[in-house]
Amino acid sequence: MIIIGAGPGGLALAHGLRKQGIDAVVHERDAYPGARPQGYRIQLDEPGLTGLRHCLPTELFELCLATAGAPPARVSVRDRQLEVLADRAAAHASDTGDAVGPRAFDRPTLRRIMLHGLDGHVHHGARLTSYRHEDDGRVTACFADGRTATGDLIVGADGVNSTVRRLLLPEVRVEDAGLRLVYGRIPLDARAREALPGWVFESVFTVLTGGPGQAHLGLGPVQFAERPDRAGRARTPAVDLPPVGDYLACMIGAPADHPAMPAAADLRALPTAELRALALRLLGEGWHEDVHRLLARWDTASLLPLRISTTGPVPVWEPGPVTLIGDAIHAMSPVLAMGANTALRDAAELTRALAGAAAGDVSPVEAVGAYESRMRDYALPIVAASRRTGQQRVGQR
């Protein structure tokens, strides 16, 4: 199996297939892990944790949990003066007890864990340009450097700007959601924890909204159960993980048509100090003093801009030896924190389907078709729900 993209969905699928005795190789366009900033915090609830548990070897899943935070299972929405507008329980584990939740992960740490055990099965610097169908029913992936790889199936796990989707389903468009974020971290040493307001730590994620057409602030604590480097060293065999400290993910977002918001290309080009100044201008006046206390600790060097996208209409297509998982087929607004969760569910669902094909229960194309049908049924309604919630809360189009 050929997997395009070494994000959480692609790496989970590689582990899942290999657990089933199915050969899987990941091809990633980036030259090395961490070659470009992709954010910090990932929140996994049900069904993402169940998908991760199904795909990963037990020892890696346990290391993931050991290095994740377990904040209170609530999601809160507040106004400028911290009055609670909404407060709901986060998703819980399944009735079968397959997983626990919710958990807050550090994205780079999670990725390092998921790369472990895939030595020789992840090729970096492999930018897909095309694929071709072979006479024997297999498919060949062609890369920019002239390399090729042939297998029974190509899986596009290559994110929002998926080359596989563009080739397979050129009619499917990823739309600008009309939302921009400045994303960064607030380090949480002992002094910071003592100085910051307690409500910050009472939910797995908190949104402070300035109202329709205005900026919003998002906050999510990442407090490791065990510091990643220590947890990795304690395993047998050891897993090399960086010494990351606790932090509070902190993002300021605003509609793309906000009067103070520059064009997307100009936003991407801003140095971090100017990103900070822009974010504070977007936020404006009239916020509770706690917000100013928080932003005084925002790490300027950690800041990066994000453009939020969402998938447009997705038709039913004929199954074959090319398929898609995660943001490659159902990119969604982050307001429901379901993007990574749904990608990991995809990985588990496709693993189960292909295991059935390997056992001779169904043909490979039937397995892919069954996965795609299920995926459309559960994922596309979440895309729509994320769009509606984003429109209501944070000015998404």
What are the two closest heavy atoms between [X] and [Y], and how far apart are they?
X: His258; Y: Gly213; value: CD2-O, 3.8 Å
X: Leu56; Y: Cys64; value: CD1-SG, 3.8 Å
X: Asp158; Y: Val164; value: OD2-N, 3.2 Å
X: Pro102; Y: Asp45; value: CB-OD2, 2.8 Å
X: Val139; Y: Ile2; value: O-CD1, 4.1 Å
X: Leu63; Y: Gly232; value: CD1-N, 4.1 Å

Joining Ile, Leu, Val, Met, Phe, Trp and Tyr whenever any side-chain heavy atoms lie under 4.5 Å apart, the cluster holding Val160 also takes in Val174
Minimum side-chain heavy-atom gap [X]-[Y] below 4.5 Å:
X: Ile3; Y: His27; result: no
X: Leu267; Y: Arg180; result: yes
X: Tyr371; Y: Arg352; result: no
X: Phe205; Y: Leu219; result: no

Are Arg185 and Tyr247 in a cation-pi setup, meaning NZ or CZ lies under 6.0 angstrom from the ring centre and within 45 degrees of the ring axis? yes
Quiz: residues 111-118 side-chain donor-acceptor pairs under 3.5 angstrom, not counting sequence neighbours:
unit_1: Arg111; atom_1: NE; unit_2: Ala6; atom_2: O; d: 2.9
unit_1: Arg111; atom_1: NH1; unit_2: Gln38; atom_2: OE1; d: 3.2
unit_1: Arg111; atom_1: NH2; unit_2: Ala6; atom_2: O; d: 3.1
unit_1: Arg112; atom_1: NH2; unit_2: Asp240; atom_2: O; d: 3.1

Set of residues satisfying side chain to side chain contact (heavy atoms under 4.5 Å, CB included) with respect to Glu59, sequence neighbours excluded: Pro57
Is a salt bridge present between Arg193 and Asp246, judged by a nitrogen-to-oxygen distance below 4.0 Å? yes
Pair listing, side chain to side chain donor-acceptor pair (under 3.5 Å) test, anchored in residues 316-326, at least two apart: Trp317-Glu372, Thr323-Glu372
Inter- and intrachain pairs under salt bridge (Lys or Arg N to Asp or Glu O under 4.0 Å), touching residues 267-289, at least two apart: none
Distance-only check: which donor-acceptor pairs under 3.5 Å involve side-chain atoms of residues 388-397, not counting sequence neighbours?
unit_1: Thr389; atom_1: OG1; unit_2: Ala385; atom_2: O; d: 2.9
unit_1: Gln391; atom_1: NE2; unit_2: Arg397; atom_2: O; d: 3.0
unit_1: Gln396; atom_1: OE1; unit_2: Ser333; atom_2: OG; d: 2.9

How many angstroms lie between CD in Glu46 and CZ in Arg345, if you round to the nearest 0.5 Å? 8.5 Å
So Asp145 and Arg147, salt bridge (charged side-chain N to carboxylate O under 4.0 Å, His left out) or not? Walk me through it. CA-CA 6 Å; Asp145 61 2; Arg147 285 182 293 173; 2.7 Å; yes
